[in-house]
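Atom set for the values below is all heavy atoms of this structure, side chains included, hydrogens, waters and symmetry mates excluded. Ligands are counted one by one from 1 in listed order, and the atoms in each one are counted from 1 as well.
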Amino acid sequence: MLTDLTIAQAKAGLEAKQFSALELTEAHLHGIDTLNPRLNAFLTVTAEAAREQAKAADAAIGRGDIRALTGIPLAIKDLFCTQGVRTTAASRILDSFVPPYESTVTANLLADGAVFVGKTNLDEFAMGSSNMTSAFGPVENPWKRRQDQNAILVPGGSSGGSAAAVAARLAMGATGTDTGGSIRQPASFCGLVGVKPSYGRCSRWGVVAFASSLDHPGPFARTVEDSAILLGSMASHDPKDSTSADRPVPDYRAACRRGVAGLRIGIPREYRVDGMSAEIEALWQQGIDWLRAAGAEIVDVSLPHTKYGLATYYIVAPAEASSNLARYDGVRYGLRRDGAELSDMYGNTRAAGFGTEVQRRILIGTYVLSAGYYDAYYLRAQKVRALILRDFTEAFAQVDALLTPTAPSAAFAQGEKMDDPVQMYLNDLFTVGANLAGVPASSVPAGLDSNGLPLGLQIVGRPFDEETVFAVSAEIERAAGFSALPAIRAGV
Ligand code: GLN
């Protein structure tokens, strides 16, 4: 099946002319036709544009002009602005927004020859961990519980559509964004590799902003090497994003082959939280044993401010969101609901356009930034954030990378954890630290739980040292030999 190939295999097959880019794209579009009505992974399918891009890729291959992603079908989270293609952030307030420009990350992918099959569903404005807050309905996780095939599981969030699309073989890779875990947690829930690079590695220009100091674009793929190929293309220095890093992009694919011999791997003791499931605990120990057997030295480390991570995140992220979302006022983008006065129009538009979770975040953010509470909440959270960053800096003086679980559980069912926002926020326990500190982190599928659902391990690295993250991720991948397949996938 063409849809089962990895990106690396498809590149080789295209180059050897075993199949055409158009055939490869058609195979994925067929999968989307068949499965998307059920999965709801794509909000917009760009079949005609994809065919044109695939034909252009075939012509380029014919000329010998083969780039990093020539002819490779990808899915794009609907938070990346795509020129002439509706971009919604899964919100009613943007449901008719067609950007006149292309985000830097997607422009980089297109310049490398990629084919875009469509725009994927997400939690509204990337706020969530389950894809349940999308204004366009939930996404179904293509994986099923062994004992309970009827339960519909969430793909995680916020990049749930991208994760479901890649897991179900509707695209060979996808873009996501990770503000508090939104690439790594859905990767873990869907049996994929997800990479959140260092802050500044991938430009945020043209990505609908949630929390600007925490937002990180990054890739989803089915293998570590594929994620390295994608990140190599997505990453660039971008003068249009003042926080973009002016650093050369290393050869991430080569880094996957480095091995871990001689590396020092830290195990942060504060991540052994009370009530952690025995399965997650056992998987983590397994990961430690794998790395030790491959020649790494395992070191106990401390990140003492870990316990403040979630509280800090859930102040800083809503604060920045309340500011970023002020621009949706009915004047410039998408939806408008008129009112007697201008202020009524603003209020009516925002009440009709934003869902409950987005409204909750705007309220929290406005509160923590308000004159009477700024010092008590926002300023204090910024100070704690500095301490969390210092924890990572001190740990990385002793070790080259950290190994932790990605998420406290496997995928849960739609409806579970929905009535209590705090329960939902706990999903991000292990992932928010890397966003607050801006350090690179991946999730790699490492095993199955007793229900047959995938579980991921997280690898965290020094700022801008994605190469070590890839090296360790590839070792976990080799040792785990993860080969289980989701129940719902193209060609089945
Ligand atoms: N689940 C977290 C939140 O709801 C993280 C989301 C994200 O990374 N975009 O804010």
Side-chain angles (χ1 to χ4, degrees), residues 77-80 89-91 120-134 138-139 154-163 174-190 194-197 199 202 204 207-220 309-325 354-365 368 381 385 406-409 411-412 416-418 420-443 456 458 460:
K77 185 179 187 179
D78 207 17
L79 204 60
F80 290 81
S91 181
T120 55
N121 206 343
L122 63 149
D123 282 294
E124 186 177 1
F125 282 103
M127 297 174 188
S129 307
S130 62
N131 218 116
M132 295 296 289
T133 73
S134 167
V139 172
V154 304
S158 65
S159 316
S162 285
T175 64
T177 60
D178 189 314
T179 303
S182 279
I183 292 175
R184 290 160 289 159
Q185 184 253 22
S188 181
F189 279 18
C190 293
V195 180
K196 181 201 82 68
Y199 187 75
C202 287
R204 290 179 296 103
V207 182
V208 175
F210 164 12
S212 306
S213 77
L214 297 162
D215 294 344
H216 298 68
F220 284 97
L310 272 182
T312 305
Y313 173 83
Y314 278 100
I315 290 172
V316 174
E320 294 185 14
S322 72
S323 166
N324 274 324
L325 271 57
F354 290 137
T356 319
E357 183 61 27
V358 174
Q359 293 189 16
R360 180 183 294 120
R361 306 271 181 131
I362 292 172
L363 287 172
I364 295 172
V368 300
R385 183 176 184 176
T406 304
S409 72
F412 45 90
E416 282 170 21
K417 305 191 194 207
M418 302 297 159
D420 182 357
V422 175
Q423 266 303 311
M424 195 61 88
Y425 296 170
L426 288 177
N427 265 290
D428 310 328
L429 195 59
F430 301 133
T431 47
V432 292
N435 297 78
L436 290 164
V439 294
S442 68
S443 178
Q458 173 175 239
V460 186

Which segment of Thr179 sits under 4.0 Å of ligand 1 when only heavy atoms are counted: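 Both parts.
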Residue part near ligand 1, for Phe210, under 4.0 Å between non-hydrogen atoms: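 Under 4.0 Å from ligand 1, Phe210 contributes side-chain atoms alone.
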Numbered atoms and elements of ligand 1 in range of [X], under 4.0 angstrom, heavy atoms:
X: Tyr313; answer: 2 (C), 3 (C), 5 (C), 6 (C), 10 (O)
X: Gly181; answer: 8 (O)
X: Tyr314; answer: 1 (N), 2 (C), 3 (C), 4 (O), 10 (O)
X: Ala126; answer: 6 (C), 7 (C), 9 (N)
X: Ser158; answer: 9 (N)
X: Gly128; answer: 1 (N), 2 (C), 3 (C), 4 (O), 6 (C)

Less than 4.0 Å is my threshold; does some heavy atom of [X] fall inside it relative to ligand 1?
X: Glu357; value: no
X: Ala317; value: no
X: Tyr425; value: no

Pairing residues for Tyr313 by the ring pair (Phe, Tyr, Trp, His ring centres under 6.0 Å) criterion, not counting sequence neighbours: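 Listed in chain order: nothing, the list is empty.
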So for ligand 1, is [X] a polar contact partner (N or O within less than 3.5 Å, distance only)?
X: Thr177; result: no
X: Ser129; result: yes
X: Met127; result: no

Heavy atom of the protein closest to atom 4 (O) of ligand 1 (residue, atom name, distance):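 Closest protein heavy atom to atom 4 (O) of ligand 1: Arg361 NH2, 2.7 Å.
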